[in-house]
Q: 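Pasting a structure here, questions to come.
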Amino acid sequence: MANAEPVLQPRQPAPADYYQNNLQQAFSFVLERYADMLSADDVDRLQQFLGASADAQRLLARLLTRAGPYFLRSTLNYAEVSSPDDAVAELHQRGLISFQSGAADRLIKLYTKNALCERFNLAATIRKLTKQQIIEHLLGRYTDRQLAQRLGAVQAWVRLRHLSLWRLSRLLFFGSTSQDWSTFVRKDLGQIRYEELPLSRPQYQDAAALSERLLAQHLQYLCYRLDEYPQLAPALFSALTEAMHDKSTGDRLQRCALLLAHWVERNLCPDLALRIYELTNKPPARERRVRILQRLEQLEAAGSLRQEILNAPLSAKEQVFAERFGRRGAGFQPPVTEMRIRGPYDSIEEYALTELVPDSGWGVHCENSLVRSLTGLLYWPVIFADVEDAFTNPFQSAPHDLFSEDFCQRRRVLLSKHERGLSDDSELVKFLTRTVQAKNGTANRLVNWTLLQTVPLEQWLEALPVKVIRALCQFLIRNLGDYRSGFPDLFICYGPDDFEFVEVKGPNDQLQPQQRAWFRVLDELKLPARVFKLKPR
DNA sequence: ACCTTGCACGCAAAC
DNA sequence: CCGGCCCTAG
DNA sequence: GTTTGCGTGCAACTAGGGCCG
Ligand SMILES: [Mn+2]
Ligand SMILES: [Mn+2]
């Protein structure tokens, strides 16, 4: 468990085969698991990489860590590539790079403003413009092909081909679009550790599942561009209606529907928005429907949908909404203390700390990360338990279903066994302490290691009774979907086992539904919590 | 989850 | 000449 | 005064170098 010497050191060259090995590992993984879902061409391209010489693999590995798709030939010299010329020739011969230009706008950016002015003999008046303006001037005046050729005469360039395949491979290897090849580097620098994960079957069982994911991603991308291209809205609506026809549609498509409906609600008309929201019940779809119906003065429809939510809320936020909509002051009311602001401040939460923390105590502004981190530590083996389809990729920081409704249900045997082991106070403390030691720095979606550096576990254990930690974590692990946000801003410790949770509200801020939901829970658990309302002087 | 997501603040308009 | 941004690297 | 909508900011690793304004 002791950290071996890291493979990488900042500012020191990586081993010659480092990037090459990473890519081999990733592409082998992709081919092993997904070859039958990729096109024959894409499979061939990945095999072209795996079959290439060391030099060519190393050069391509470097290209993939860079922005591209164009690269100046002069920037392709790497210590670990013995003959860049041969490597370039081989990658070209294997069809992975090209010397023909596509759109020139990405290429032209590689050249300095000065080089552009010289090459195109620009007049002094034009040279005074910004680089971006000069680029636009040139793009308007020359064809892409002309530009590519004339720029190539200044400095040779190459173009990486098959960008969408590299993107897809990244998605299949990491399981999300958020992670990129620098994940390897961060791990090997020792910045992050990753759990040894029990990988189950592939993330996508067939080509249809994969293409649904890709379609959802594309539709989502279009939704984000609606402001730019409003005429996309009807096409998006029919595409979504089509895609969501069978009821078991994935979460991403439902999010697309919510995005589109929200945009339509703001920019087009409530009627259409209503119809789009009807594609899903994923919150806040029903909430939005109630609000729209109310605005359209269809009061009975609004009322009965509100009742439907009350009968079976799909999230805590939805429940709070249904309880309070149209009835001010309803729902749970937490205790509130008020105070006038007496001095200047940057952050209202930090200011509140100076007012609330006594000399004998301490406090931090940590919001959700306190209870999330304690829960992540306390339930570590449950979170990383080997459950079917939970782990499909080597660098996950949580199981895919961590925030889903049936997370605990699917782990109930292990969960109750684990909790029996923690029922004794000193066992719980021992478990937390050991987990912090053993897992320090290991990626876990729930754990904020920075917080535990600021305030070490021992200090938390002095301030919080074990029974409180147990109760909070027991609650959160069962309600991660709803309660991963909304926890009060501040933790304040007045003395041993004497603490309080405080939500700070500035003059123009008020309690959000998720925050209200947490206050109700804290009240049920009989934990001290209040709103601290600061008013202007 | 970076062609994003999640979270929460601060302001202004509507009630 | 400096600050900010983008890119690169480990 | 309260509720709602909307825009905004921040954090997602860190440091250094070159270009640009
Ligand atoms: Mn807050
Ligand atoms: Mn607050």
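These numbers come from the heavy atoms of this one structure, side chains and all, not from hydrogens, waters or symmetry mates. Sequence lines set the chain letters: A, B, ... in the order given, protein chains first and strands last, and positions in each chain run from 1.
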Q: When you compare D:dG7 with C:dT8, how far apart are their P atoms, in angstrom units rounded to a whole number?
A: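 Rounded to whole Å, the distance is 34 Å.
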
Q: Nearest-Å distance, CZ (A:Arg127) to P (D:dG21)?
A: 14 Å

Q: OH of A:Tyr111 versus C1' of C:dC7: gap in Å, rounded?
A: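 Checked: the OH to C1' distance equals 17 Å.
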
Q: By the 4.0 Å heavy-atom rule, please label A:Arg225 as base, sugar-phosphate, or nothing.
A: nothing

Q: List the protein contact pattern of nucleotides 2-12 of chain D with one symbol per nucleotide (5' to 3'): B for base contact, S for sugar-phosphate-only contact, - for none; contact means a heavy-atom distance under 4.0 Å.
A: BBBSSS-----

Q: When the P atoms of D:dA12 and C:dA9 are compared, how many Å lie between them, rounded to an integer?
A: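 Rounded to whole Å, the distance is 24 Å.
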
Q: Of the candidate nucleotides B:dC7, B:dG10, D:dC19, which contains the atom at the shortest distance from the side chain of A:Thr112?
A: D:dC19

Q: Inspect the surroundings of CD in A:Gln231 and state if more than 12 heavy atoms from other residues, nucleotides or ligands are less than 6.0 Å away.
A: yes

Q: If only side-chain N and O atoms of A:Arg62 are considered, is one of them under 4.0 Å from the OP1 or OP2 phosphate oxygen of C:dG10?
A: yes

Q: Should we say atom NZ of A:Lys533 is surrounded by more than 12 heavy atoms from elsewhere, each under 6.0 Å from it?
A: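 Counting neighbours around NZ of A:Lys533, 12 or fewer heavy atoms of other residues, nucleotides or ligands fall under 6.0 Å, so no.
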
Q: Once you round it to whole Å, what is the distance between C1' of B:dC3 and CG of A:Leu163?
A: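 In whole Å, B:dC3 C1' and A:Leu163 CG are 13 Å from each other.
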
Q: Would you please say whether a donor-acceptor pair under 3.5 Å links the side chains of A:Thr450 and A:Gln453?
A: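 Side-chain D/A pair, A:Thr450 to A:Gln453: absent.
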
Q: Quick one: is A:Tyr18 getting a side-chain N or O under 4.0 Å of the C:dA9 phosphate, OP1 or OP2?
A: no

Q: Among B:dC7, C:dG10, B:dC9, find the nucleotide with the atom closest to the side chain of A:Glu503.
A: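 So the side chain of A:Glu503 is nearest to B:dC9.
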
Q: Tell me what A:Lys128 touches on the nucleic acid: a base, only sugar-phosphate, or nothing, going by heavy atoms under 4.0 Å.
A: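 Nothing: the residue A:Lys128, judged by heavy atoms under 4.0 Å, touches no strand.
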
Q: Touch check for A:Asp180, heavy atoms < 4.0 angstrom, all strands: base, sugar-phosphate only, or nothing?
A: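 The answer is nothing, as A:Asp180 stays clear of every strand by at least 4.0 Å.
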
Q: Can you check the distance between C:dG10 and D:dG5, where both ends of the measurement are the P atom (answer in whole Å)?
A: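 Per the computed distance, 50 Å lies between those P atoms.
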
Q: When you get a sec, tell me which of C:dG10, B:dC3, B:dA1 is the closest nucleotide to the side chain of A:Ser176?
A: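 Comparing C:dG10, B:dC3, B:dA1 against the side chain of A:Ser176, the answer is B:dA1.
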
Q: Using OP1 and OP2 only, check whether a side-chain N or O of A:Lys109 sits under 4.0 Å from C:dC6.
A: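 A:Lys109 to C:dC6 OP1/OP2: no side-chain N or O under 4.0 Å.
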
Q: For the side chain of A:Gln396 and the backbone of A:Asn393, is there at least one donor-acceptor N/O pair under 3.5 Å apart?
A: yes

Q: What is the distance from CD of A:Gln294 to C1' of B:dC15, rounded to the nearest Å?
A: 12 Å

Q: What is the distance, to the nearest angstrom, from the CD atom on A:Gln453 to the C1' atom on D:dC13?
A: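 Spelled out: CD on A:Gln453 to C1' on D:dC13 is 13 Å.
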
Q: Quick check, are the ring centers of A:Phe395 and A:Phe184 under 6.0 angstrom apart?
A: yes

Q: Would the A:Phe332 and A:Trp518 ring centres measure less than 6.0 Å apart?
A: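 Ring centres of A:Trp518 and A:Phe332 not closer than 6.0 Å.
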
Q: Is there a side-chain contact between A:Arg255 and the phosphate of B:dA1, meaning an N or O under 4.0 Å from OP1 or OP2?
A: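 Affirmative; the distance criterion is met.
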
Q: What does A:Leu189 touch in the nucleic acid at a heavy-atom separation under 4.0 angstrom: a base, only the sugar-phosphate, or nothing?
A: base

Q: If only atom types and distance count, is the side chain of A:Gln57 paired as donor or acceptor with the main-chain N or O of A:Phe49 below 3.5 Å?
A: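 Yes: the side chain of A:Gln57 pairs with the backbone of A:Phe49.
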
Q: Does A:Gln515 place a side-chain N or O at less than 4.0 Å from the phosphate oxygens OP1/OP2 of B:dC9?
A: yes

Q: Please report the distance separating the P of B:dC9 from the corresponding atom of B:dC3, rounded so that it comes out in whole Å.
A: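 The answer is 27 Å between these two P atoms.
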
Q: Have A:Arg255 and A:Thr280 got a donor and an acceptor in their side chains that come within less than 3.5 Å?
A: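 No, no side-chain donor-acceptor contact under 3.5 Å.
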
Q: Tell me if a side-chain donor or acceptor on A:Gln515 pairs with a main-chain N or O of A:Gln512 at a distance below 3.5 Å.
A: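 It does hold such a pair.
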
Q: For atom P, what is the distance between D:dG9 and C:dC6, given to the nearest Å?
A: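 Taking atom P in both D:dG9 and C:dC6, they lie 15 Å apart.
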
Q: Would you please confirm or rule out a distance under 4.0 Å between OP1 or OP2 of B:dG10 and any side-chain N or O of A:Asn508?
A: no

Q: Closer to the 5' end of DNA chain D via nearest nucleotide, is it A:Lys113 or A:Gln191?
A: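 Going by which nucleotide is closer to the 5' end, it is A:Gln191.
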
Q: Taking the same atom, P, in C:dG3 and in B:dA8, what whole-Å distance lies between them?
A: 35 Å

Q: A:Glu349 CD to B:dC9 P: how many Å, rounded?
A: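 Atom CD in A:Glu349 sits about 5 Å away from atom P in B:dC9.
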
Q: Looking across every strand, which nucleic acid part, if any, lies under 4.0 Å from A:Gln512 by heavy atom: base, sugar-phosphate, or nothing?
A: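 Base, at least one base heavy atom under 4.0 Å.
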
Q: Would you mind reading off the distance between A:Asn114 atom CG and D:dG18 atom P, rounded to a whole angstrom?
A: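 From A:Asn114 CG to D:dG18 P: 16 Å.
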
Q: Taking atom CD as the centre, does A:Gln217 end up with more than 12 heavy-atom neighbours from other residues, nucleotides or ligands that are less than 6.0 angstrom away?
A: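 Check passes, neighbour count above 12.
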
Q: Can you measure A:Tyr194 atom OH to D:dC13 atom P for me and round it to whole angstrom units?
A: 8 Å

Q: Distance-only, no hydrogens or angles: does the A:Glu318 side chain make a donor-acceptor pair with backbone N or O of A:Leu314 under 3.5 Å?
A: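 Indeed, once roles are kept as given, a pair shorter than 3.5 Å links the two residues.
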
Q: Measuring only the P atom in each nucleotide, how far is D:dA11 from C:dG4? A whole number of Å is fine.
A: 16 Å

Q: In terms of side-chain heavy atoms, does A:Trp449 have a donor or acceptor partner in A:Asn444 at a distance below 3.5 Å?
A: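 No pair is found: no donor N or O on one side chain lies under 3.5 Å from an acceptor on the other.
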
Q: Please determine if a side-chain N or O atom of A:Arg252 lies less than 4.0 Å away from the OP1 or OP2 oxygen of B:dA1.
A: yes

Q: Contact list please: residues 65-82 of chain A against DNA chain C, heavy atoms, distance less than 4.0 Å, in numerical order.
A: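 Close to the strand are A:Arg66, A:Ala67, A:Tyr78.
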
Q: What's A:Asn368 touching, base or sugar-phosphate or nothing? Going by heavy atoms closer than 4.0 Å.
A: sugar-phosphate

